[in-house]
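Some notes on the structure that comes next.
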Protein chains: 2
Amino acid sequence: MRGRNHKKISTALNQQPCFDSAQQPLADFKVGVDNVIFSVDTTQNRLLVLLVMRQQEPFLNYWSLPGTLVRQGESLEDAAYRIMAEKIRVNNLYLEQLYTFGGPNRDPREEVSSYGVRYLSVSYFALVRFEEAELIADKVTGIAWYPVKQVPQLAFDHNEILTYGHRRLRNKLEYSPVAFEVLPETFTLNDLYQLYTTVLGENFADYSNFRARLLKLGFLCDTGIKVSRGAGRPASLYKFDAQAFAPFKDKPLVFI
Amino acid sequence: MRGRNHKKISTALNQQPCFDSAQQPLADFKVGVDNVIFSVDTTQNRLLVLLVMRQQEPFLNYWSLPGTLVRQGESLEDAAYRIMAEKIRVNNLYLEQLYTFGGPNRDPREEVSSYGVRYLSVSYFALVRFEEAELIADKVTGIAWYPVKQVPQLAFDHNEILTYGHRRLRNKLEYSPVAFEVLPETFTLNDLYQLYTTVLGENFADYSNFRARLLKLGFLCDTGIKVSRGAGRPASLYKFDAQAFAPFKDKPLVFI
DNA sequence: CCAAAAGTGTTGGCGATACACCCATGA
DNA sequence: TCATGGGTGTATCGCCAACACTTTTGG
């Protein structure tokens, strides 16, 4: 029974917590959306993240994650897509919310503003196909793919956000078919394997087992087309068959 | 194509806080924190969620997730802990950020307010030990554990948040040792098994296999103490050994 | 003694690892 | 022809589901 919950009920009342709109001053917020946009350059086996050079204070001339402030009538996700559309042209893309960073003093503007407005950042995680991604580079805005291993010091707490996004990417890759969102339409099994090693490190099965497992699952179909890359036997190009994958949807599937 | 918004990046120092570079009015936000607080009543095998009765408009007299608005100088996590502290007294607790809901028009107050202030909710997910949890019930605030299968229509989009939290709980349970945060200090293996079936349904191994697997992992230690519950052979009480679990930390461990 | 709950043991199958080996191409 | 990378096959081991069995209690 839950009988003994009544011992010390009373004295929390002086704080009168719940309806603090009258008692305690509430914080006012501007809400920003910052995107961690990854892609994988399969030709060089590098995991890349999209950075933009800041054109204004604070953190003028620092690299940062592409972000924006949320406008009136705009949902968080709308804002996330808007950033994408401003920086990059892609056909395929995977996007999901990552985390919300909202401590006080995470943005220097808070101190400048006399009204104590705080800046909160809802971060989104995106994955795009490197080959298809066309950066929208106007003259004033620096924008570039950075290898995640070489990102410099970023504006605000963006290094922390990036770290968080990177962890999420690794997890996603292990149990969901996001890999096929970043690969080109057709790819060799070695491309796929390289993608996994590039993102996850070398901590899993060797190529032949990886290959056997994936093929047995049956959602990769051989196009029959062969492609030769330098010396060695030509490889088959495969395609991801979303139809055939459907039954695995939502099942605890492991790709490692 | 989608984005044409970038064509006019303002060159002047536009410190005006209410407009972004494309001269669109920014939204102003109040930020709320809503907690999805779960516990498991092992005696009745029920998964419970903590609800509070709203004492004011909007949604007066609706049940809702315990929540609050973020105060000046307060971090999101601070706010989440503050709610906990106001509603419940616990020794052990697991808490993590869940998701941020921020579409326009998710809160009726937005329409009333003439300034177009929007209400954003950062939700947190918590797990507490039912036996230790002492509800703080003052006279004005209704507060109760509800079986998740019987939650009524809630205020705002809280049903949606709850659904999301429930999904997270199931995932957590499968690959992390959160179960031991909700169980009492010592427990029988059957308690543990019941907890899993209560939260996840019956979709996994039978008791004897569950038992064998867990014991082989070696982080459950038998206290030697026996406890008898009605008819049948008495069961051993076990303890979770955090020390012995350490090596499994961060490893892709599956508990199902 | 019987029912009920706790706990142990056995077995068959499947999947993962670690290899060894065959195939097709460029140089 | 050899080196290189693509692709196939196989033996071993461990895990896991299913289920039969033993042990210890209350009635």
Side-chain angles (χ1 to χ4, degrees), chain A residues 42-45 173-175 183-184 186-198 200-239 247-248 251-256, chain B residues 42-45 173-175 183-184 186-198 200-239 247-248 251-256:
Chain A
T42 45
T43 68
Q44 300 197 58
N45 292 331
L173 212 60
E174 285 180 7
Y175 66 80
L183 284 172
T186 66
F187 50 88
T188 70
L189 290 178
N190 211 15
D191 288 340
L192 185 60
Y193 186 65
Q194 292 306 329
L195 170 60
Y196 272 86
T197 54
T198 299
L200 297 178
E202 313 275 345
N203 318 327
F204 54 93
D206 73 356
Y207 173 63
S208 92
N209 294 319
F210 178 83
R211 176 193 172 77
R213 190 148 28 90
L214 265 290
L215 286 181
K216 188 159 35 146
L217 291 173
F219 51 75
L220 295 182
C221 60
D222 190 338
T223 63
I225 304 168
K226 303 287 182 183
V227 56
S228 202
R229 290 174 185 167
R233 178 175 174 173
S236 266
L237 287 176
Y238 284 80
K239 254 173 56 180
F248 299 96
K251 297 235 163 83
L253 185 57
V254 181
F255 283 85
I256 50 161
Chain B
T42 45
T43 68
Q44 299 197 58
N45 292 331
L173 212 60
E174 285 180 7
Y175 65 81
L183 284 173
T186 66
F187 50 88
T188 70
L189 289 179
N190 211 17
D191 288 340
L192 184 60
Y193 186 66
Q194 293 305 329
L195 170 59
Y196 272 85
T197 53
T198 299
L200 297 178
E202 314 274 345
N203 317 327
F204 53 95
D206 71 357
Y207 172 64
S208 90
N209 294 320
F210 177 85
R211 174 191 173 78
R213 189 150 28 92
L214 265 289
L215 287 180
K216 189 161 33 150
L217 292 173
F219 51 75
L220 295 181
C221 60
D222 191 337
T223 63
I225 304 167
K226 304 286 184 185
V227 57
S228 203
R229 290 175 186 167
R233 178 174 173 174
S236 266
L237 287 175
Y238 284 80
K239 254 173 57 179
F248 299 95
K251 297 237 162 82
L253 185 59
V254 180
F255 283 84
I256 50 163

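Per chain, numbering begins at 1; letters A, B, ... match sequence-line order. On a predicted model such as this, the values are computed, not experimentally measured, just so you know.
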query: Roughly how far, to the nearest 0.5 Å, is the CZ atom of Phe187(A) from the OG1 atom of Thr42(A)?
result: 11.0 Å

- line: Leu217(B) CG to dG14(D) P, in whole Å, measures 16 Å

field: Nucleotide dA5(C), atom P - distance to OH of Tyr193(B) in whole Å
entry: 14 Å

task: For Lys216(A) and dT8(D), give me the distance from atom NZ to atom C1', rounded to whole Å.
output: 14 Å

statement: Taking for Arg229(A) and for Ser208(A) the nucleotide of DNA chain D with the nearest heavy atom, the one nearer the 5' end belongs to Arg229(A)

For nucleotides 22-27 of chain C, tabulate all protein N/O to nucleotide N/O atom pairs closer than 3.5 Å, reporting atom names and distance.
residue: dC23(C); atom: O4'; partner: Arg233(A); partner atom: NH1; Å: 3.3
residue: dC23(C); atom: O2; partner: Arg233(A); partner atom: NH1; Å: 3.3
residue: dA24(C); atom: N3; partner: Arg233(A); partner atom: N; Å: 3.4
residue: dT25(C); atom: O2; partner: Gly232(A); partner atom: N; Å: 3.4

message: I'd like to know if the side chain of Asn209(B) reaches the main chain of Ala212(B), judged simply by a donor and an acceptor atom lying under 3.5 Å from each other, with no hydrogens or angles considered.
response: no

- line: The reported gap from CG in Asp222(B) to CG in Leu215(B) (rounded to nearest 0.5 angstrom) is 8.5 Å

task: Whole angstrom is fine here: how far is it from CG in Asn209(A) over to P in dA11(D)?
output: 15 Å

query: Quick one: CD1 on Ile225(A) to OG1 on Thr188(A), what's the gap to the nearest 0.5 Å?
result: 13.0 Å

- request: Rounded to the nearest angstrom, tell me the gap between atom CG in Asp206(B) and atom C1' in dA5(C).
  value: 15 Å

message: Just the rounded figure in Å: distance from C1' of dA4(C) to CG of Asn190(B).
response: 12 Å

message: Which nucleotide wins on minimum distance to the side chain of Tyr207(A), given the candidates dA18(D), dA6(C), dG6(D)?
response: dG6(D)

task: Could you grab the distance from atom CG of Asp206(B) to atom OG1 of Thr197(B), nearest 0.5 Å is fine?
output: 12.0 Å

task: Without swapping roles, check the side chain of Tyr193(B) against the backbone of Ser208(B) for a donor-acceptor pair under 3.5 Å.
output: no

query: Going from CG on Asn190(A) to OH on Tyr238(A), what distance comes out if it is rounded to the nearest 0.5 angstrom?
result: 11.5 Å

- prompt: Rounded to the Å, how far apart are Gln194(A) CD and dG5(D) C1'?
  reply: 11 Å

query: From the list dA17(D), dT8(C), dC19(C), which nucleotide is the closest neighbour of the side chain of Arg213(B)?
result: dA17(D)

task: Measure from NZ on Lys226(B) to P on dT23(D) and round the result to the nearest Å.
output: 14 Å

- request: Using a 3.5 Å limit on both pairing distances, list the dot-bracket string of DNA chain C from the 5' end; Watson-Crick and G-U wobble pairs count, crossing pairs take [ ], interstrand pairs take |.
  value: |||||||||||||||||||||||||||

statement: Here the gap from Leu200(A) atom CG to Leu195(A) atom CG, rounded to the nearest 0.5 Å, amounts to 8.0 Å

task: Can you figure out which of dG7(D), dA17(D), dG7(C) approaches the side chain of Ser236(B) most closely?
output: dG7(C)

- prompt: How far apart are the closest heavy atoms of Phe210(B) and Leu189(B), and which atoms are they?
  reply: CE2-O, 4.4 Å

- line: Among the nucleotides dA16(C), dT8(D), dT8(C), whichever has the atom closest to the side chain of Arg211(B) is dT8(C)

